[in-house]
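Numbering of residues begins at 1 and proceeds along the displayed sequence. Note: hydrogens, waters and symmetry copies are ignored here, and every other heavy atom, side chains too, is used.
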Amino acid sequence: MKTNVAQTSIDCFYNHVQQFTESQNERVMAVVKAGQDYSLCELMELTSGIDKSSMARVVNKLRTQKRLMPATKRFCTISGKCVIPSKIFEVQVQLDLLQ
C-alpha cells in the first residue's frame, strides 16, 4: 500500500528512529562489562525500559558492528532457559586495555 507522504516527513521519521536506536545501543554498551556475558533478559533488567524485541534488535545490531559477540551457551539466570549470551567483542576489550 502506498501513501502520499512528503519526503520531509519520511526523512524526519527515519532521523528520529536512528537517533533513538543509537541511544539504546549506547545504553546497552554502558552496562556490559568485559569478561562477563549477558542474556537478553539480563540486559533488559540492567537497562530497564528496553523490551525484549527491542533488546534483540539492539544485540543483533551490536553483533553485526562487531561490538558484541556470542558467548558459550548457558542457562539464563532470570528465565532459566538455555541461551546463547553476548559478551564484548574480544578485540574491543584489547583496545580498551590499551587506552
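- Considering all non-hydrogen atoms of both residues, Ile88 and Ala34 come closest at CD1-N, 3.7 Å.
- Between Met29 and Leu68 the shortest side-chain heavy-atom distance falls below 4.5 Å.
- Contact annotation: the side chain of Lys66 approaches that of Phe89 to within less than 4.5 Å [non-hydrogen atoms, C-beta and beyond].
- Rounded to the nearest 0.5 Å, atoms OG (Ser39) and CD (Glu45) are 9.0 Å apart.
- With rounding to the nearest 0.5 angstrom, the OG atom of Ser86 is 3.5 Å from the CZ atom of Arg63.
- The one candidate from Glu42, Arg74, Gln36 that meets the side chain to side chain contact (heavy atoms under 4.5 Å, CB included) condition with Pro85 is Arg74.
- Hydrophobic clustering (ILVMFWY, side-chain heavy atoms < 4.5 Å, transitive): Val58 and Val31 are in one cluster.
- The side-chain heavy atoms of Asp37 and Val32, taken from C-beta on, include no pair separated by under 4.5 Å.
- Considering only heavy atoms from C-beta on, Arg57 stays 4.5 Å or farther from Asn60 through its side chain.
- No side-chain heavy atom of Met44 sits less than 4.5 Å from a side-chain heavy atom of Asp51.
- Atom CD1 of Ile78 has more than 12 heavy atoms from other residues, nucleotides or ligands within 6.0 Å.
- The side-chain heavy atoms of Met55 and Thr47, taken from C-beta on, include a pair separated by under 4.5 Å.
- At a threshold of 4.5 Å between non-hydrogen side-chain atoms, the residues Tyr38 and Lys33 count as touching.
- Separation of atoms CD1 (Ile50) and OG (Ser23) is listed at 7.5 Å; rounding is to 0.5 Å.
- Residues Gln24 and Ser54 bring no donor and acceptor atom of their side chains to less than 3.5 Å of each other.
- No side-chain heavy atom of Lys73 sits under 4.5 Å from any side-chain heavy atom of Val83.
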